[in-house]
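One structure is given here, and the rest of the page talks about it.
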Amino acid sequence: MNSLYREEIIKLLLLLSLGYLVGSQLDNVWIGLVMALVFYVGMMLRNYRRFNTWLNGGGLAKKPLVNNFWSTIIDQIQRLVNQLRSEQQLLLDDVEYFKESFQALDDGVVIVDDRGRIDWCNKAALRLLGIDLDSDKGQLMANLVRAPEFIHYLEARDYQQALAIASPRSASLHLEIQATLFRQNYTLLFVRNISEVYSLEKMRQDFIANVSHELRTPLTVITGYLETLQDNVDDLPGVWTRAIEQMLSQSHRMDTMVEDLIWLSRLESVPTSESQTVAVAIENLLAGIVSEANVPFSDKSIVLEIRNETFEQHAQLHWPLQLQGNHEELRSAFSNLVQNAIKYTPETGVITVSCWCDRDSLKIEVEDDGEGIDAVHIPRLTERFYRVDSSRTSATGGTGLGLAIVKHVLARHDASLSISSEPGVGSRFTCTFPLQRLVLKS
Ligand code: ADP
């Protein structure tokens, strides 16, 4: 480029020299110099006009007839344009490639923009959600998939977990939707058909519910006979005393297990929306559980601690505290935690049931100073039939279902369970409910 400038300056100097010579002939060098300058500027303007016309055409037209200076600039621009065009083509190829691969997917893909409108979707989205790109582009996603839990999922923008819903196309089509945020506020929805997994899960649930119900009657008969035998144990040979005692204890345990299984099946099969929700008076509920638990285990002390001062910071809360939820379910969850604390705490143990709130949640905690649990077991404690030590569980008459029930109940109340424990020191089971679940003053 420097040589270009040099060439242009030499050209200008030559033109000025010529103007000077012509001016000297006319006895006025200034006239000659001005004429030379006007000529130079005129040529520059003409070249600039041609260059500008070419540029406005996007640099696609034939190269205009201009001098070397403009021609070099045009060449450089042309090189840049070509480079950009091939990069753009590569990008377009990439976009096409991804679109084609998304189209080929059996899973639905929907892109929702920052205002919740459909930006793009693949063909599977039509089959799974009934969304057609041609007719639905720009439509509000919440208008096409109206399931309240889906709308809540989209709005809450907490996409750590996938969401399972029935398809708006057919109630027998079950979908799992996993959303991911990308760019700034765009949402990518992956929609998977889980109807098969769903029906297998349903079969499993039905099977457990049916077996549990079927076992109820024979168990009642067996327990009844065993109780009669125990009442008349004096008429039997001495060897039967211990055998009947053990059979009776195991049949009671099986009874509890069947009841727990039936209760778990109910929790799994009745959708949260159909569960009867009332304003549950927390303090009364906890006080009832604690006083019932205190009677047969009077040598262990169970203390209820409601930390009122933490609630006073939330002036809008209804008093006494009320939690929106299913009374029976909540009762079973807290009662299971208290019963566990009693089961796994020695005779002199102290169990504390506390209730308080922090900035955005209500906490209900059951703490004991019992035998505690080794850290390796904690992540698996809420699995059905998971036992830390099966001999310990048999001795306490445990079924291995209590914490699974607690977990299910809490999930149905938008709450979570956290467990901390130390062997030999004690355990702490904390239920965290969102504050929005509490009833506000009217
Ligand atoms: P179970 O009917 O056997 O008590 P759960 O599901 O209620 O079944 O509890 C699972 C396991 O967790 C129990 O077998 C027990 O080993 C352990 N566990 C539960 N609560 C406590 C506790 N408070 N202290 C010590 N261990 C506990």
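Counting starts at 1 for both ligands and their atoms, in listed order. All residue numbers refer to positions in the sequence shown, counting from 1.
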Which atoms from ligand 1 have a heavy atom of Leu381 less than 4.0 Å away?
11 (C), 12 (O)

Could you list which atoms of ligand 1 come closer than 4.0 Å to a heavy atom of Thr399?
1 (P), 2 (O), 3 (O)

If we only count N/O pairs under 3.5 Å, is Tyr344 in contact with ligand 1?
yes

Using residues 161-169 as the side-chain source, report each donor-acceptor pair under 3.5 Å to any protein atom, sequence neighbours left out, with the distance given to one decimal.
unit_1	atom_1	unit_2	atom_2	d
Ser167	OG	Leu128	O	2.6
Ser167	OG	Arg169	N	2.9
Arg169	NH1	Leu126	O	2.9

May I ask you to list the atoms of ligand 1 that are less than 4.0 angstrom from any heavy atom of Tyr386?
10 (C), 11 (C)

Is Gln324 reaching over with its side chain to a backbone N or O of Val439, donor-acceptor style, under 3.5 angstrom?
no

Check: of Gly400, Gly349, Gly402, min heavy-atom distance to atom 1 (P) of ligand 1 comes from Gly400

Name every donor-acceptor pair, under 3.5 Å, that has one atom in a side chain of residues 404-413 and the other anywhere in the protein, sequence neighbours excluded.
unit_1	atom_1	unit_2	atom_2	d
His408	ND1	Ala404	O	3.4
Arg412	NE	Glu329	OE1	3.0
Arg412	NE	Glu329	OE2	3.3
Arg412	NH1	Leu267	O	2.8
Arg412	NH1	Val270	O	2.6
Arg412	NH2	Val270	O	3.2
Arg412	NH2	Glu329	OE2	3.1
His413	ND1	Val409	O	2.8
His413	NE2	Asn326	N	3.0

Electrostatic pair Arg204:Glu268 at N-O distance under 4.0 angstrom:
yes

Considering only heavy atoms, does Lys343 approach ligand 1 within less than 4.0 Å through its side chain, its backbone, both, or neither?
side chain

Gln139 backbone acceptor or donor facing Asn143 side chain under 3.5 Å:
no

Going by heavy atoms, is Ser427 under 4.0 Å from ligand 1?
yes

If you measure every N/O of Leu403 against every N/O of ligand 1, is any gap under 3.5 Å?
yes

Lys/Arg N to Asp/Glu carboxylate O, Arg307 vs Glu305, below 4.0 Å:
yes

Atoms of ligand 1 close to Arg387 [distance to a heavy atom under 4.0 angstrom, numbered from 1]
14 (O)

Ring of Tyr186, cation from Arg183 - is the NZ or CZ under 6.0 Å from the centre and inside 45° of the axis?
yes

Any nitrogen or oxygen of Asp368 lying under 3.5 Å from a nitrogen or oxygen in ligand 1? Just yes or no.
yes

